[in-house]
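Source: prediction; values computed, not measured.
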Amino acid sequence: MTQKLSDIISRINTVSTAGTTDRTITGITSDSRGDVKGKLFVAVRGVNVDGHRFISDATNAGAAAVVAEEMPTSPDPDVTYVIVGNSATALGEIASAWFGNPSSKLKLIGVTGTNGKTTTATLIYEMARQMGFKAGLLSTVRNYIDTEPVDATHTTPDPIELNSLLARMVDAGCTYAAMEVSSHAAHQHRIAGLTFAGGVFTNLTRDHLDYHKTFEAYLAAKKSFFDTLPADAFALTNIDDRNGEIMLQNTAASRHTYSLRRPADFVGRIIEQRLDGTLMSFNRNEVEVMFTGRFNAYNLTALYGTVILLGWDTERILIGMSRMVPVAGRFQTMRSPRRGYVAIIDYAHTPDAVVNVLNTVREIIGNNGHIITVVGAGGNRDRGKRPIMAREAARLSDVLVLTSDNPRDEDPREIIAEMEAGLDSKALSSKTLTVTYRDEAIKVASAMARRGDVVLIAGKGHEDYQEIKGVRHHFDDREVMSQIFENEM
């Protein structure tokens, strides 16, 4: 595939150009380390690295043109330079145009929020397929081009990979797509140039403050997604969240709400729940679903609102919802065949998510069993949430086992010590154990469990690795539990 540089830059706002725009471009890239010969190199200011530092590397390797926010001090006379106000935004717009604006050929739904993005986006994708449509999914767990799985590396890919995947969806005949929109992606303009048919807000609690620094900045990043939705799109927000209506303040899209607690356009109600399912109603239509927990009730209500807004048949939607199964690692239940306790694998890795899961378990089992929680905190991430998460987990559990998550470049024992600092009473600390190695922590928790108890293993969910000192080692909470169950036989 080739395109004229003049055609490419006609789709973006340019400040100035130096050199001829009558060039044939063979590709686009923002990485000077790969094959750049004949390509357009876009210099993006990243979180840790400024792409402007590598302009000369790119041009020396044969880049035909450069998009940047400023001219290099020693420009190459054989290269065309295009100066823009924001090169990250330009990259998104260029990538979209390069691949033929694939998002405009799909009904693309973006889902943002702290918790529930993966489940809600996946449910939209699954529902589309149940309705007989070909559909795509971009999520933390895995991407799908209709039925073809594609490994996910980020919650929201970079603009070039993102538009490449969307183009593959179009080529595969997909007419709908759902994607998670992370706060990082919104802030870094990775979704620039995309055309959304709708946006969904789940909730907002403390997370990613290592990146955003303040909750207000985190909120603003989420809100910016809704601020850019077009007038022919819809914006669907959770008004039970105190930030829900803020998302709608400046959007040009049609505004819609969902709730479990008060009047809204789409109202979900929990009628009866168990560890393996819930009887719910959506706008007074009852259906039995294979999901548990108030947080999942919100996800399902968001799904219901989304697909109604897409114009799908209500009866078929309810039938489809009754057939759906939870996303891997999201309140995934496993029952000990011999000893009669239940293990729950969940991705909860923020204080609010841990509270939601533990409250759900307690609502269901009441005082008929103990809750034994295994949880850690990721390294090189928001350190402020560590003591909060430990305190909340200890408060709502009968026994807490603090352990490793993905320590990354940090010492796991130091992470655990920072979590322990949140145990601000003797009552909390007396029911807390620390076991550094995660597999041992899960074994310890399981050994304590009796019939009717629940072992909650939180933090990693679907992940099948542990990242230690920059190296990913295979590790899967579900596999560890399966092995424990086998050894119990």
Carboxylate-amine/guanidinium proximity below 4.0 Å for Asp158 and Arg190: no
Passing candidate, side chain to side chain donor-acceptor pair (under 3.5 Å) with Lys460, options Asp476, Asp477, Asn406: Asn406
Close side-chain approach of Leu165 to Ile145, heavy-atom, < 4.5 Å: yes
Mutual orientation of the aromatic rings belonging to His256 and Phe234 [parallel < 30°, tilted 30-60°, perpendicular > 60°]: perpendicular
Heavy-atom side-chain proximity of Ile124 to Leu303 below 4.5 angstrom: yes
From CA spacing to verdict: side chain to side chain contact (heavy atoms under 4.5 Å, CB included), Asn243, Tyr218: CA-CA 12 Å; Asn243 297 295; Tyr218 180 45; over 6 Å; no
Student check: side-chain heavy atoms of Lys385 and Thr350 closer than 4.5 Å: yes
Close side-chain approach of Val307 to Met131, heavy-atom, < 4.5 Å: no
Short N-O contact, Glu410 and Arg386, less than 4.0 angstrom: yes
Flag if over 12 foreign heavy atoms under 6.0 Å of OH, Tyr465: yes
Side chain to side chain, Leu402 and Val375, heavy atoms closer than 4.5 Å: yes
CG/Asp424: more than 12 non-hydrogen atoms of other groups inside 6.0 Å: yes
Within 6.0 angstrom of Lys39 NZ, more than 12 heavy atoms from elsewhere: yes
Non-neighbouring partners of Trp312 that pass ring-ring contact (aromatic ring centres under 6.0 Å, His included), sequence neighbours left out: Phe133, Tyr176
Inter- and intrachain pairs under salt bridge (Lys or Arg N to Asp or Glu O under 4.0 Å), touching residues 57-86, at least two apart: Arg45-Glu69, Arg45-Glu70
Intermediate values then yes/no, side chain to side chain contact (heavy atoms under 4.5 Å, CB included), Thr112 and Phe226: CA-CA 9 Å; Thr112 196; Phe226 290 91; 3.5 Å; yes
Reference residue Tyr304; test ring pair (Phe, Tyr, Trp, His ring centres under 6.0 Å); the match among Phe282, Tyr258, Tyr298: Phe282
Side chains of Trp98 and Leu40 in contact at under 4.5 Å (non-hydrogen atoms): no
Any donor-acceptor pair under 3.5 Å from Thr257 side chain to Asp265 backbone: yes
Charged N-O contact under 4.0 Å between Asp146 and Arg129: yes
Carboxylate-amine/guanidinium contact Arg142 Asp151, below 4.0 Å: yes
From CA spacing to verdict: side chain to side chain contact (heavy atoms under 4.5 Å, CB included), Leu166, Leu194: CA-CA 10 Å; Leu166 292 171; Leu194 298 186; 3.8 Å; yes
Option among Thr118, Thr120, Thr122 that satisfies the side-chain contact (heavy atoms from CB on, under 4.5 Å) test with Val111: Thr120
Side chain proximity check, Met247 to Phe225, heavy atoms < 4.5 angstrom: no
Neighbour count above 12 (heavy atom, 6.0 Å) for Arg413 CZ: no
Donor-acceptor contact present, side-chain Thr301 to main-chain Ala297, <3.5 Å: yes
Residues that Phe295 engages under ring-ring contact (aromatic ring centres under 6.0 Å, His included), provided they are two or more places apart: Phe331
